[in-house]
Amino acid sequence: MEKKSLNFIELIVEDDLAKGRNDGRIQTRFPPEPNGYLHIGHAKAICIDFGIAEDYDGTCNLRFDDTNPVKEDVEYVDSIMEDIKWLGFQWKNVYYASDYFQQLWDLAIKFIKDGKAYVDEQTAEEIAQQKGSPTVPGVESPYRNRPMEENLELFQKMSNGEIPDGKMVLRAKIDMAAPNMHFRDPIIYRIITTHPHHRTGYKWKVYPMYDFAHGQSDYFEGVTHSICTLEFEVHRPLYDWFIDQFQETDYRPRQIEFNRLNITYTVMSKRRMLQLVQEGLVSGWDDPRMPTLTGLRRRGYTPTSIRSFIDKIGYTKVEGTIDLELLEHTLREELNKTATRVSAVINPVKLIITNYPEGQVEILETVNNPEDENSGTHEIAFSRELWMEREDFMEDAPKKFFRMTPGQEVRLKSAYIVKCTGVKKDAEGNIEEIYCEYDPMTKSGMPEANRKVKGTLHWLSVAHSIPAEVRLYDRLFTVENPSADERDYHELLNPNSLEVRTNCYVEEYLKDVKPFDHFQFQRLGYFNVDPDSTPEKLVFNRTVSLKDSWAKEQRK
RNA sequence: UGUCUUAUGGUGUAAUGGUAGCACGACAGAUUCUGGUCCUGUUCGUCUAGGUUCGAAUCCUAGUAAGACAACCA
């Protein structure tokens with residue numbers, strides 16, 4: 001058994017374990033704010049949070065960081081839980097930062113009593129101004145040194161709802177000249193009376209800020225490893241400082257930061273995704289073009305493929321961008337092994353076998369999955385009139401065109417070898433029908449069928465196929481890194497990210513499919529059944545195309 | 001002209017002082033009743049300069065480059 005190399009987080013955990021820290025206990029948490037849908041970047045965090053707990057015999061809890069009622073909603077709580085479960089993880093407990101509002105408030109009182117917090121009455125602008133800049137030290141607030149009793153009284157008033165929103169804040173008293181901006185008397189409590197909290201309603205008038213809530217919540221819960229993304233690196237000294245102020249035993253949580261996930265041709269910020277949804281540029285959070293988990297699910301991505309992808313990209317502290325192709329590769333890798341092969345024609349043109357008896361129908365067998373011996377076969381009807389793809393015919397074909405062209409033999413998958421004899425065109429010269437003759441001795445399985453031909457095409461019997469809508473998805477953006485582009489992001493959107501084809505056909509075998517079933521449409525790609533699909537009107541999404549070396553050849 | 005962090009092929013990631021490897025991509029070939037899959041091969045890398053060491057991608061120093069931080073967001 002080959003030993004898998006550990007990532008830097010696992011190394012830290014093993015080192016802590018070896019040193020006996022926190023009594024050898026491992027506890028993590030996944031701490032989303034319920035203000036948006038989870039995306040594949042969150043999946044990366046979920047995999048390490050739950051993964052570390054699993055691998056080191058620890059526990060992982062789900063904790064909603066719901067300290068800002070202005071932005072949060074139960075709608076998101078529900079979707080977040082659903083997405084985590086879909087990925088295949090199970091939390092030990094569900095916690096909410098709002099569960100700790102009383103404890104946090106008590107802690108704030110302690111800070112005031114210890115002379116480590118004060119009430120500031122300045123405006124947000126004044127406070128921002130005094131903060132200085134990364135290179136210029138800040139200025140102390142005129143309210144910084146007011147007596148402890150006065151702070152206590154004012155904070156009580158804030159908490160009672162006697163002070164309007166925005167008029168006062170509670171700040172930690174640390175160091176306005178600190179080189180780390182976060183130490184310049186950070187605001188730890190603000191007044192919010194106008195928005196109900198999704199769990200506590202209007203009970204609380206003051207709410208703790210992230211820095212005063214996150215690490216403390218970790219501490220209250222007994223978290224040992226608080227894993228988050230790199231953007232919180234500069235917060236870590238403050239995380240540690242707060243804990244220093246009230247730590248009572250040897251137990252201590254530890255924050256570790258890793259690189260967040262970026263993928264080419266997409267955006268990973270909740271703000272940008274919200275815009276896409278609100279401006280109607282996509283159909284919703286679950287639009288199959290969205291990098292949200294709900295979008296990816298609707299697109300046809302599987303939980304295992306996403307986890308496998310996360311496993312491939314690893315965890316480091318280097319900020320980079322992953323090729324979308326790696327994600328697609330991971331998905332194809334899985335679906336190739338699992339997806340049933342069926343035929344679908346998404347740009348149909350009629351093919352008539354002139355020497356095949358009218359009215360005759362043959363029931364043929366076709367394999368479900370050549371990659372899986374146990375997958376069996378299913379039946380497909382063959383007759384005189386078929387559907388084939390327009391792209392599979394060319395009148396004046398180049399040498400490397402291995403499909404249907406007059407005079408050249410091709411194989412109809414699982415059926416016969418045919419030779420094109422001509423076409424019928426309308427007045428504008430558009431091809432209306434294609435004609436061919438079949439060789440009755442070349443039915444699949446017969447010795448003559450082994451004859452070498454240039455190519456194999458998929459097809460459908462006109463009388464035995466059912467209509468379907470097929471939605472062809474492509475990347476949402478035309479540039480690799482939309483976030484870094486100076487242009488307005490509207491200009492970067494791919495106008496062809498969705499192409500709806502309403503005149504497609506699929507085999508009768510698919511008449512009873514259910515939403516999220518996935519298939520390989522032979523020679524086209526992997527498709528799944530959209531939730532919009534009904535027995536009367538089937539709707540398929542293209543999850544990802546097959547690798548297409550003919551398309552590549554054509555681009556040369 | 002601050003603090004923190006990072007630097008390995010086109011991309012991502014290993015090598016934990018001892019042979020720079022893997023995956024994706026690209027390119028070429030073979031096989032094929034999917035121009036898919038499978039298989040084979042090719043291409044391409046330790047940011048720079050010093051130092052420590054028998055030996056440095058790894059440790060040290062200095063540069064260079066990139067990123068994060070100045071919300072009553074998380």
Side-chain angles (χ1 to χ4, degrees), chain A residues 4-8 11 31-33 35 65-68 70-72 97 120 123-124 127-129 131-138 165-171 178-184 187-192 206-207 209-211 213-214 228-237 257 259 264 270-271 312-323 325-330 332-333 336-337 341 343 366-367 370-371 400-403 410-415 417 442 444-445 449-450 453-458 480 520-525 545-553:
Chain A
K4 190 179 184 294
S5 59
L6 300 176
N7 65 45
F8 82 101
L11 285 173
E33 184 188 16
N35 70 341
D65 254 354
D66 55 351
T67 56
N68 184 4
V70 177
K71 292 186 172 177
E72 296 149 8
D120 199 333
T123 64
I127 291 174
Q129 211 132 56
K131 204 134 206 176
S133 77
T135 52
V136 180
D165 292 24
K167 289 296 178 197
M168 291 183 188
V169 290
L170 184 68
R171 299 177 72 178
N180 183 333
M181 296 291 291
H182 295 280
F183 276 76
R184 322 248 259 229
I187 293 168
I188 58 177
Y189 262 90
R190 79 290 211 182
I191 304 169
I192 301 174
V206 291
Y207 291 90
M209 297 286 288
Y210 168 83
D211 285 308
H214 194 92
C228 60
T229 48
L230 245 25
E231 62 206 285
F232 293 100
E233 209 157 32
V234 278
H235 291 251
R236 183 169 11 108
E257 312 86 13
N259 58 343
T264 54
K270 275 192 206 172
R271 194 182 112 261
K312 285 186 209 298
I313 63 177
Y315 296 83
T316 67
K317 292 175 84 89
V318 187
E319 297 177 74
T321 305
I322 311 288
D323 279 340
E325 310 189 43
L326 182 61
L327 177 62
E328 295 183 337
H329 161 81
T330 313
R332 289 191 186 108
E333 188 178 44
N336 174 53
K337 295 195 187 100
R341 271 62 169 172
S343 289
T366 186
V367 297
E371 304 300 314
K400 286 189 174 177
F401 186 80
F402 303 147
R403 306 178 183 187
V410 292
R411 186 188 311 279
L412 296 180
K413 173 84 183 167
S414 306
I417 292 174
T442 60
S444 288
N450 294 331
V453 291
K454 284 286 193 158
T456 300
L457 308 185
H458 64 278
E480 279 202 2
Q520 185 194 99
F521 285 1
Q522 203 108 220
R523 299 208 305 133
L524 298 177
S545 64
L546 254 31
K547 283 175 82 179
D548 190 349
S549 52
W550 169 237
K552 200 179 281 179
E553 180 67 35

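Every chain is numbered from 1 and lettered A, B, ... according to where its sequence line falls, protein lines coming before strand lines.
- As rounded to the nearest Å, B:U61 and B:U52 have C1' atoms that lie 11 Å from one another.
- For the side chain to side chain contact (heavy atoms under 4.5 Å, CB included) test, residues two or more places apart in sequence or in another chain that qualify with A:Ala97 are A:Asp65, A:Asp66, A:Thr67, A:Ser217.
- The base of B:A74 sits within donor-acceptor range of the side chain of A:His235, with an N or O pair under 3.5 Å.
- Considering only residues two or more places apart in sequence or on other chains, A:Ser414 meets the side-chain hydrogen bond (donor to acceptor under 3.5 Å, both in side chains) condition with A:Thr366.
- Checked against side chain to side chain contact (heavy atoms under 4.5 Å, CB included), A:Thr316 has the following partners two or more places apart in sequence or in another chain: A:Asn259, A:Val318.
- Scored by the side chain to side chain contact (heavy atoms under 4.5 Å, CB included) test, A:Ser444 finds no partners at all (sequence neighbours excluded).
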Inset, instruction - Evaluate the side-chain contact (heavy atoms from CB on, under 4.5 Å) criterion for residues A:Thr264 and A:Thr321: first the C-alpha distance (whole Å), next the side-chain angles of each, then the deciding distance (0.1 Å), finally the verdict. - result: CA-CA 6 Å; A:Thr264 54; A:Thr321 305; 3.7 Å; yes

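- Nearest to the side chain of A:His329, among B:A70, B:G25, B:C73, sits B:G25.
- Shown here are the side chain to side chain contact (heavy atoms under 4.5 Å, CB included) partners of A:Glu319, two or more places apart in sequence or in another chain: A:Leu230.
- The ring pair (Phe, Tyr, Trp, His ring centres under 6.0 Å) test applied to A:His214 returns A:Tyr210, not counting sequence neighbours.
- Remark: A:Lys552 is in phosphate contact with B:A26, judged by side-chain N or O atoms under 4.0 Å from OP1 or OP2.
- Paired runs in RNA chain B that reach 3 or more consecutive Watson-Crick or G-U pairs, where each pair keeps both distances under 3.5 Å, cover B:2-7 with B:64-69, B:10-13 with B:21-24, B:26-29 with B:39-42, B:47-51 with B:59-63.
- Note: A:Phe402 and A:Trp550 fail the aromatic proximity criterion, with ring centroids not under 6.0 Å apart.
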Pairs: protein N or O with nucleotides 39-45 of chain B N or O, under 3.5 Å:
none

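- The side chain of A:Arg190 lies closest to B:A74, out of B:G10, B:C27, B:A74.
- Applying the salt bridge (charged side-chain N to carboxylate O under 4.0 Å, His left out) criterion to A:Arg171, with sequence neighbours excluded, gives A:Asp120.
- Within the structure, a side-chain polar atom (N or O) of A:Asn259 is placed less than 4.0 Å from OP1 or OP2 of B:U13.
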Please list, pair by pair, any protein nitrogen or oxygen found under 3.5 Å from a nitrogen or oxygen in nucleotides 1-6 of chain B.
unit_1	atom_1	unit_2	atom_2	d
B:G2	N9	A:Pro134	O	3.4
B:G2	N3	A:Pro134	O	3.1

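- Rounded to an integer number of Å, the gap from A:Leu326 CG to B:C22 P is 17 Å.
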Legend entry - Reading 5' to 3' through nucleotides 30-35 of chain B, protein heavy-atom contacts under 4.0 Å coded B for base, S for sugar-phosphate only, - for none: --SBBB

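- Every side-chain hydrogen bond (donor to acceptor under 3.5 Å, both in side chains) that A:His235 has, sequence neighbours left out, goes to A:Asp211.
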